[in-house]
There are 2 protein chains.
Amino acid sequence: MKKEQETTKGIKEIARLAKVSIGTVDRVINNRTGVSVKTKEKVLQIIAELDYQPNIMARMLASKKVIRIAALIPAVSNETGYWNAPLKGINEAASEIRNFGVSADFYFFDQNNKKTFRDQCAVILDNGYDGILLAPMFEEEAMDFLDNCAKRDLPFVLINSDLEHQPRVAYIGPDLFQSGYLAGHLTKYLVKEAQQVLIVNISREITFQHHLLKKEEGFRACLAAHDLSIEVGKVDINETSYDAVQQRLLELFDLNKPDLVFVTNSRVSSVARFLQENAIEGVQLIGYDFLEENIAYLKNGTIDFLICQKPQEQGYRGLMSLYQHLISAPTVEQLQYMPIDIITKENYLYYRN
Amino acid sequence: MKKEQETTKGIKEIARLAKVSIGTVDRVINNRTGVSVKTKEKVLQIIAELDYQPNIMARMLASKKVIRIAALIPAVSNETGYWNAPLKGINEAASEIRNFGVSADFYFFDQNNKKTFRDQCAVILDNGYDGILLAPMFEEEAMDFLDNCAKRDLPFVLINSDLEHQPRVAYIGPDLFQSGYLAGHLTKYLVKEAQQVLIVNISREITFQHHLLKKEEGFRACLAAHDLSIEVGKVDINETSYDAVQQRLLELFDLNKPDLVFVTNSRVSSVARFLQENAIEGVQLIGYDFLEENIAYLKNGTIDFLICQKPQEQGYRGLMSLYQHLISAPTVEQLQYMPIDIITKENYLYYRN
DNA sequence: AATAAGAACGTGTACGTTAACGAAAATCAG
DNA sequence: CTGATTTTCGTTAACGTACACGTTCTTATT
C-alpha cells in the first residue's frame with residue numbers, strides 16, 4: 001500500500017536530518033555516553049518521526065560479538081525423563097537461530113540437590129552471558145540468582161514454573177492453578193457424590209511445594225465451586241523412591257481406599273505401579289506428563305488421564321522469546337501459558353510433546 | 001570445546017587458500033558463469049574442507065533484495081472461520097522474520113469457486129515471487145500451478161492438505177488418514193456392537209473429496225481392523241447451506257436413525273444444529289475443528305468430540321519452513337504432521353489453535 | 001600476425017551498523 | 001587569559017557478502 005521511504009531510512013538518513021554524524025546517531029541509539037542532552041533529544045525526535053527500526057542484520061554483522069545465552073534446567077535423571085522434552089525444544093530453537101549469531105550453553109542441576117543449583121548459578125554469573133533461560137525449581141535460590149541478574153541488567157526468561165514478582169522478560173509454561181482446576185473438572189466427571197478423592201504430592205525438596213501447591217489449590221477450587229459432597233484427602237510423600245511411596249500408600253489405603261487419586265506431578269507412575277502390583281481395583285488415577293513410564297500405565301488402563309503441557313514447546317518458545325528480546329524486537333508476550341492437554345488411552349498415540 | 005578457525009573463515013579465507021580472488025569464490029558459490037572447471041573444482045574442494053557456511057546476515061545485507069513470499073489460502077468466509085487460524089499463524093511468522101528481509105503477501109480464493117483459485121495463481125506467477133505457501137484445496141488446479149512453479153524453480157510449501165507426488169519443500173498439516181483413524185478409535189469407544197454409524201461429507205466442490213476421502217478411509221480402516229459388527233453408512237451432501245443439509249438428513253433419519261455421526265470436516269455444526277432443532281436424541285457426534293460455532297454445540301453436549309490439528313501452527317510453520325529453505329538453511333523437515341488433538345467439553349477451554 | 005571476441009578472473013564499492021580514533025568545542029583551574 | 005581537561009562530536013575502517021566493472025588471458029578469424 002505505502003510507497004514512502006525510498007530514501008532508505010537508516011542511521012545515516014537520521015544523521016542527515018538531525019544535522020549530525022552517524023557516529024552521534026549511533027551513540028544515542030545505543031545510548032552510549034558522549035552526547036549532549038540537546039542533540040540527543042533532537043536525534044531521538046527524528047528517530048521517532050521516522051519510526052526508525054535498526055537493521056538487525058547489519059547490526060549483527062558489525063558487532064561481531066555473538067549473543068550468548070545460558071540455559072539452566074534440571075538434569076535428565078533416571079527418575080524422570082521429563083526434562084528431555086524442554087531440552088529438545090531449546091536445542092531446536094538454538095539450531096534455528098545459530099545462523100543469526102546466537103549461541104546457547106546448557107547448565108544442569110540436580111533436582112534433589114539445591115547446592116548444584118546454586119553452584120551452576122555462580123558459574124553462569126561468572127561467565128558473562130547476555131541472557132538467561134531458567135527453570136526456577138528452587139524458589140528461594142532462584143530469587144537470589146534473579147536478583148543478581150537484575151542487578152547486572154541480565155534479562156531472563158522463566159519456563160515451567162513462574163515467579164510472578166520477578167522482572168522476567170517472559171514466563172512460558174503452565175498456568176498451574178488452571179491446570180489443577182482442569183484436573184478437578186475431570187474428577188467431577190469420574191466420581192459420584194459422596195466419594196473420596198486423594199491428592200498425592202511426591203517430591204523430595206519441600207521447595208517444590210510452591211509448584212505443587214498451586215495445582216492443588218486449583219484442584220480444590222474446582223471441586224469447591226460446584227459443591228459436590230466429595231471428600232478430599234491429601235498426603236505428602238517426601239521420598240521419591242518407589243518403596244517409600246508404596247509404604248506410605250499402603251498405610252493410607254488400609255485405613256481408607258479412595259475412589260480417585262490425583263498425583264500433582266509426573267511421579268504418577270509410582271502410584272500406578274502401586275495400584276497394579278497390589279491388585280487394587282476401582283481406583284481412578286489422574287496425573288501429569290507424557291512420559292514413557294506413564295504412558296505404559298495409561299495404555300493398560302491403570303492411569304485414566306494424563307495432563308500435559310507441551311514441555312518441548314516451552315523450551316523452544318523460551319529460547320526464542322529471549323532471543324527476540326535481546327535483539328530488541330518490538331515486543332515479547334510476557335505471559336505465555338501453554339495449553340492444557342488431556343491425554344487418554346484414546347489419543348496418546350497422536351500426542352506430541 | 002573447539003578453538004580452531006580464529007582466521008575467521010569466510011569467502012576471503014577460501015580465496016586465500018585457493019589462490020584466487022573473492023570474486024571468483026563468489027562466482028562458484030552462487031554458481032554464476034565465468035569460472036573454469038579447474039578452478040571451480042579447486043574452490044569447491046576448499047569449501048568442502050572448511051565446511052564453509054555462508055554468513056546469512058552478510059548475504060542479506062549485501063543483496064538488498066528482500067525475499068518475497070506469496071501465501072495462497074482460502075478466504076475467511078461467513079460459512080466458516082477456519083482459515084482465520086492459519087492466517088494468523090502466517091502473520092505471526094511474517095512479523096517475526098520481517099527484520100530479516102522477508103515480505104509475505106496474501107492471496108485469497110473462494111473455496112466454492114475454482115476460478116478464483118486459478119486467477120490468483122496466475123497473478124502470483126506474474127508477480128515474481130521467491131517462494132509460495134499454498135493450501136492446495138483444488139487438487140487438479142493446484143497440480144497445474146505447482147507444475148508451473150517447478151518449471152520456474154519456485155519452491156513451495158503445502159499446508160493443510162498434501163499432494164504427495166509434488167516436489168514440495170515441505171508439507172505441514174494433518175495426516176488425514178490417521179486423523180480419520182482416530183475418529184474411528186473414538187467411535188469404538190462410544191458405540192456398542194451392532195450399532196449404526198453414519199459418515200457425512202459436506203462440501204460443495206467434488207475436488208474436496210480428496211481431502212475428505214482420506215479421512216473416511218482412515219475411519220473405515222480403524223473400524224475394520226477391529227472387526228466389530230458395526231454398520232457403516234455414508235452420505236455426500238453437495239450443498240453447504242443448512243437447509244440442504246437438513247433436508248438430506250431428514251430423509252435419511254426417517255429411514256434409519258444412526259447411533260453415531262462422523263462429519264469429515266468442520267461443517268459438523270450444521271449437523272449439530274439439525275439434531276438440536278429436531279430434538280433428536282441418542283445420536284453421538286464427532287467432527288472437526290475448533291470453531292466458535294462448533295464449540296457452542298460441544299458445550300451443550302450435542303457434539304461429543306472435535307478433532308483439531310493446530311491450524312495456526314500450520315500457518316506459522318509453513319511460512320517458517322519456506323523461509324528456512326530459501327535462506328538455504330541446512331534442512332527442512334519435509335513432512336511435518338500436526339498432532340491430532342481431541343477436544344471435549346472438558347478441555348475446550350484450554351485448547352489453543 | 002594482427003585483431004576481435006569472449007572467457008576467466010581481479011578490483012572496488014556498497015549494504016547499515018559498530019567502535020576505535022582523533023579533532024573540535026566547551027569547560028575548568030590557576 | 002592561558003593551558004589543561006573533559007565533553008561532544010565527526011571520520012573512518014571494519015564485518016562478510018553481492019555485483020558491476022575492468023583487466024588479463026585464451027582462442028578463433030581474417
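Computed over heavy atoms, backbone and side chain alike; hydrogens, waters and symmetry mates excluded. Please read all numbers here as calculations on a predicted model, not as lab measurements.
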When you measure from the side-chain N and O atoms of [X] to the phosphate of [N], is any distance below 4.0 Å, counting only OP1 and OP2?
{"X": "B:Thr39", "N": "C:dA8", "value": "no"}
{"X": "B:Arg32", "N": "D:dC19", "value": "yes"}
{"X": "B:Ser21", "N": "C:dC9", "value": "no"}
{"X": "B:Ser36", "N": "C:dC9", "value": "yes"}

So, A:Phe138 versus A:Phe109, ring centres under 6.0 angstrom or not? yes
Carboxylate-amine/guanidinium contact A:Lys115 A:Asp119, below 4.0 Å: yes
Does the distance from a Lys or Arg side-chain N to an Asp or Glu carboxylate O, for A:Glu313 and B:Arg352, drop under 4.0 Å? yes
Hey, does [X] reach any base, or is it just sugar-phosphate, or nothing, if we go heavy atoms under 4.0 Å?
{"X": "B:Lys65", "result": "sugar-phosphate"}
{"X": "A:Thr33", "result": "nothing"}
{"X": "A:Asn55", "result": "sugar-phosphate"}
{"X": "B:Ile29", "result": "nothing"}

Of the nucleotides [options], which has the atom closest to the [X] side chain?
{"X": "B:Ala58", "options": "D:dG16, C:dC9, C:dT18", "value": "D:dG16"}
{"X": "B:Asn30", "options": "D:dT11, D:dG16, D:dA18", "value": "D:dA18"}
{"X": "A:Arg27", "options": "D:dG16, C:dC21, C:dT17", "value": "C:dC21"}

Which atom names give the shortest non-hydrogen contact between B:Gln309 and B:Gln314, and what distance separates them? O-NE2, 2.8 Å
